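Input: a single structure, listed below in structure tokens.
Fair warning: this is a prediction, and the values are worked out from it, not measured in the lab.
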Amino acid sequence: MAAIELRDLWKRYDRVEAVQGINLDIRHNEFIALVGPSGCGKTTTLRMIAGLEDITAGEIRVGDRVVNEVPPKDRDIAMVFQNYALYPHMTVYDNMAFGLKLRKTSKAEIDRRVRDAADILNIGELLDRRPKQLSGGQRQRVAMGRAIVRNPQVFLFDEPLSNLDAKLRVQMRTEIKKIHRRVRTTVVYVTHDQIEAMTLADRIVVMNFGLIEQVGTPDEMYNAPKTRFVASFIGSPSMNFLPCRVVSGGNGSLALRLTDKLSLAVPPERAARYRSHLDREMVFGIRPEHISDRRPNAGSGFEEFEAGMEVVEPMGIDTMVFFSIDGIEICARARPRAVGPVGEAMPFTVDMNEMHLIDPANDRVV
Amino acid sequence: MVAVTNIGRAEARPPLSVRSRLRRSVGPDIDGYGFILPSAIIMVSLVVYPFGLAVWYSLSDAFIGQPASFIGLDNFIYILTVDDIFPKVLRNTLLFAVISVACKVFFGLICALLLQRITTFKRFFRGAMLIPFVAPTALTTLGWWLILDPTYSHINWILKHVWPFSEMGLGPYQFLADPTLALSSVIFVNFWRGLPFFVITILAGLVSIPDHLYEAAEIDGASTWDKFWKITLPLLRPVLAVVILFSTIFTLADFNIVFVLTRGGPMNETHLFATYSYTYGILNHDIGLGAAVSLFLFPILAFTVIFLLRLIRRDTAYEL
Ligand SMILES: Nc1ncnc2c1ncn2[C@@H]1O[C@H](COP(=O)(O)OP(=O)(O)O)[C@@H](O)[C@H]1O
Ligand SMILES: [Mg+2]
């Protein structure tokens, strides 16, 4: 069993506190994505799990043993590096066989495992080539093959797709998902790309400034972010944030006053949750996909307003419409046919059932 | 548009200049030939001409101050059949080069690996390492001559007066007078002088091997020893082949050290091709024989160069 536990894990470089006491339980055979902006400590965390980086404080457990002092080779892990780190002087076959040879696996067994992995990854014809003679996508596959043949308890990936072009990235993403279904193991996958995290992971860990912001399933991260950071990091285009004031709308209902002219009613079932923030300056968060062109009779919780379009970005299936409220740029997602010429006022419907209310004092979602 | 057209792809509209016509027939490399022409001229006048002259002398009875006439292979036949010192010279030169280069490779690797790991006073150590290399050979060899001299030898003095050596009753040694010790001494001084070149070049090679390869190997289960044999050494091979190539050439042709320390003695036990050829050609005025001796170096060098160049060519197919 290869559950991984991180307990108050801390990493300090000379001047940088790269990881500042994180706690995380990774379950057996779970696919975990560590995601966050560049420099937030994802790679450092992964390298500590791998044993390539000393731990400043805290504890890492793999299975039921503490591995703080265990060298990488005895941790039964495999790692796929961002730049693949293939051995340039070895053929693809030898690259994949290297770890097995060091472990004194029999020749026949090595051959069987390398060919099996090559089959899974579709690189059977490349076995005699050197890394130099491979394309980026092929190198990526070899790097994964090198990890697969070892049949380790844990796979670590550090931004494995970020050196590929956009199309190949999407293709390999699907591939990785398929492979994980065939080769069931615990995976820790580092990426700065939230879409990769959303599409691949069983659970996502969002990190920021060396701390974990939130852990949850892709669905939870998208629908129930706990902090403003997670709310803005997950989802593309990013969530809109507008300063607002929670005001009483009569009959015990609440409304958000965005400007002197624009107030949006809060759905009744949310009123209880937000009441304690009555008359306070808050931040209203709403995703572009929840502001659309006007839908008459949309149902309860849908509010309407009008705004002048400033920029329009057609994306085919939908059109992104940008406008501003009180100088703050807002993005909405409309049906292409509903979008008129730029500069004109356009009626919008906003789905308040999907709103988030953020307390600016601590940037937490209420 | 014209500015971005590939060189060598003819555009064919305006009448062709001499240049473009040449380019058409010779191919896109014509500029390249133009650029190497000056160095080619210098090479021919400074290397090919003296070499041709040496070949001519070796086939003549040239004597300093006298007109030379062609005598065929007589000089070579004399050296191979009559001259009983020549076999010794051949043996000395091979021993000298092989032992010295082997030691330089071995200790060069060790020093480079150590220097790479040193973090405090890094610059100081790397700088100090270079001293034997940058100091004038004639001067440092004189220093060694003092150190090894039978009368003034620092080593013998230390063996006699410094505890615990004084208790062991070692020495005094005749470093430059005993045949075996003399050859060992000149080999050692050559090694001492040539080591920095190896250390610095190997260090540069080591630094160019990316860390992530070692990390990948570590995760694959490699011990320190495995990493050295399976990653470091193979990736260092092209660099090693180049330094060995240069060093072998210079060591085979070494002159200064033997000339200053032993002048080929005792009893010709330390003569190398260069010093022996000097003895014939300059001291004994027999330029023909001198030239013939030094030409024996040519096949040995050619063989070494071809062998090592093939090794390099095979191995530089890496991309780190
Ligand atoms: N070897 C190192 N020495 C000093 N600081 C480092 C080192 N590696 C990473 N850092 C710092 O630690 C922080 C986290 O880095 P990293 O884990 O690589 O971030 P991420 O992978 O999330 O982009 C960054 O501020 C980075 O500059
Ligand atoms: Mg990183």
Residues in ring-ring contact (aromatic ring centres under 6.0 Å, His included) contact with A/Tyr93, at least two apart in sequence or another chain: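 A/Tyr93 satisfies ring-ring contact (aromatic ring centres under 6.0 Å, His included) with no other residue.
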A/Lys107 with A/Glu109: basic N within carboxylate O range, under 4.0 Å: no
Max heavy-atom pair count under 4.5 Å with chain B, selected residue of A/Arg103, A/Met79, A/Arg146: A/Arg103
Contact winner vs chain B - A/Pro72, A/Ala78, A/Pro152, A/Ala147, heavy-atom pairs under 4.5 Å: A/Pro72
Against chain B, label [X] side chain, backbone, both or neither, depending on which of its atoms sit under 4.5 Å from a heavy atom there.
X	result
A/Leu100	neither
A/Asn83	side chain
A/Arg47	side chain

Any side-chain donor near an acceptor of the partner, A/Tyr87 and B/Asp220, under 3.5 Å: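 Note: A/Tyr87 and B/Asp220 side chains meet the donor-acceptor criterion.
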Check: A/Val154 main-chain N/O paired with A/Thr186 side-chain donor or acceptor under 3.5 Å: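 Not a single qualifying donor-acceptor pair exists.
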Within the 6.0 Å centroid threshold, strictly below: B/Phe107 and B/Phe198: no
